[in-house]
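Let me begin by presenting the structure, written as structure tokens, before commenting on it.
The structure presented is a predicted model; accordingly, all values stated were derived computationally and were not measured. By convention here, the first residue in the shown sequence is residue 1. Just follow the structure's listing: the first ligand is 1, and inside any ligand the first atom is 1. No hydrogens, no waters, no symmetry mates; every other heavy atom, side chains included, goes into these values.
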Amino acid sequence: MQTKFIFITGGVLSSLGKGLSAAAIGAVMEARGLRVINVKMDPYLNVDPGTMSPYQHGEVFVTEDGAETDLDLGHYERFVARPLHQRNSFTAGKIYQNVIEREREGGYLGSTVQVIPHVTDEIKRMMEEATGPKNGRVDLAIIEIGGTVGDIESLPFIEAIRQMRADKGPENVLYIHVTLVPYIRAAGELKTKPTQHSVKELLSLGIQPHILLCRSETPIPDELRQKIANFCNVGKDDVISAHDVNNIYKLPLVFHEQGLDARILQRLGGNWGVAAPLLDRWQDYVDRSEQPPHTLKVAVVGKYVQHQTDTYKSLNEALTHGGIVNAARVELKYVDSGDIDPSNVARHLAGVDAVLIPGGFGDRGIDGKIHAIRYARENNLPFFGICLGMQLAVVEFLRNVGGLADANSSEFGPTQHPVIHLMDSQAGITAKGGTMRLGAYPCDLAPGSVARRIYGADRISERHRHRFEVNPAYHALLEEKGMRISGTSPDRTLVEMIELPGHPYFVACQFHPEFKSRPLVPHPLFSAFLRAALERQLLRERTKPAPEISA
Ligand code: GLN
């Protein structure tokens, strides 16, 4: 059967959660028995998001094959089972790069190279590649266009998806537009005008959306859905209320309750899939996440700036998933490592059940992270270090236990003891985006290690995104002083995991396990870390002196 396409555009303003909507639609359609693939097209000119600041653009998500992609791919992978690749996300920068390279090679045979048809054709070619046979069988491709309709940059993308309807046949293409229905407090009303205008904008570009996903603070009442339908030339049932939910994993259920999957199938002429979606696993996850009996407080020690909830998106999700397995809600305490010094570290970490040091780049706030690691190590506080977090755990250990006071990472400048350094094979590469170890690598786990017990496997595969490695010259000293190298590359040159025997839970990894955690399949490292946090909390509660009873 031919692949069918849903194109998702956004209107009114950005940050409407288009990516989440695209992911949740994917989940419902997958639950209908379809093979779904999600794709993201971004209209900005960076060739990939690897060079963009996570503080501005949100996390850089890494795929199995090492692509540095937009964080929406993280949403897609968390909601839809299919693993994504480099080809499943591309930017205008990449499109223009391809077109210009081809022009330089004489590939256009003397013709004038133009946005239409050359750029739009390249967009269509990339869409085919993103959804074509290389991906295995695809029944339904859900392609999201970044940005907001009306942006200058997104015009070639809108034109390309407009042409797709003629190319593929109207029965194979559906347009879903995500808009905003704001609540105006002064008037006490939900307002439909921005949606009307946004649909008009899309119409002026030749696209009549079939379905409107209306984002709002509260469910949109029937009369208003009817009003939107009248003004925007769609059926009332095609106006879906995408109101705020307290748990993003409710979205597939919210969409299904309103019949979105049925509408999509009807529109695409589909008698495919199963009659009712199999959403039990989502329902079960949501049920378990409502008011779990425990609350765990985890300090995430990083460098922080304002407005950056998306900087550690996958990490936050992975912690949430790992909490649910332990019947716990995870409350994060963001501690800015720049504020930590030896005199106040105990105060900053007072009352938390565990400490996590996430990945990061650059030397700001490094000392504070090292103080936090030392505190966790010496006070038996469960600790989880990820990437930079593992590198700093090695630095801290060699400084304070290994007797190398100036042990450091060469990322932060020259030192006598570069215990974290660039491998020879990487030195000398300077192009941005060219130097990192990216994507999935195998890792062997040491017999008898905590890591092996947690994974229940002796060889694993995890995703990386970093330049520096533990310097092999210090492997022996680490082990001699009591740190266990529990995971290595199969040739044993690279340290992938460490742990501290004797500590209740002190585990760190060079890779980013958060990229592989799914709500329905939580990552074992997060589950084990939070289990240790819970055990500590329960033990402390049990051994707490009984409160004095006053007469
Ligand atoms: N900055 C460190 C490196 O490049 C760690 C990177 C990370 O934490 N993702 O190796």
Out of all atoms in ligand 1, which are within 4.0 Å of some heavy atom of [X]? Include the element for each.
X    : answer
E411 : 1 (N), 2 (C), 3 (C)
H512 : 9 (N)
C387 : 5 (C), 6 (C), 7 (C), 8 (O), 9 (N)
G359 : 8 (O)
R465 : 6 (C), 7 (C), 9 (N)

Name of the residue among D42, V60, T91, D48 meeting side chain to side chain contact (heavy atoms under 4.5 Å, CB included) with D70: D42
Assign the ring pair F506 / H503 to parallel, tilted or perpendicular, where the plane angle (0 to 90°) is split at 30° and 60°. perpendicular
Over 60° means perpendicular and under 30° means parallel, so classify the ring planes of W282 and F79, tilted if in between. parallel
Would H464 and F515 satisfy ring-ring contact (aromatic ring centres under 6.0 Å, His included), going step by step from the backbone distance to the final call? CA-CA 9 Å; H464 292 249; F515 293 141; over 10 Å; no
Consider only side-chain N and O atoms of Y76 and E144, and report whether a donor and an acceptor are under 3.5 Å apart. yes
Do any nitrogen or oxygen atoms of [X] come within less than 3.5 Å of a nitrogen or oxygen of ligand 1?
X    : answer
F468 : yes
R467 : yes
L388 : yes

Does E469 reach ligand 1, in the sense of a heavy atom lying below 4.0 Å from it? no
Crowding at CZ, R281 (>12 non-hydrogen neighbours, <6.0 Å): no
Protein heavy-atom partner closest to atom 5 (C) of ligand 1 - residue, atom, separation in Å: G360 O, 3.3 Å
Under 4.0 Å between a side-chain nitrogen and a carboxylate oxygen: does that hold for R437 and E469? yes
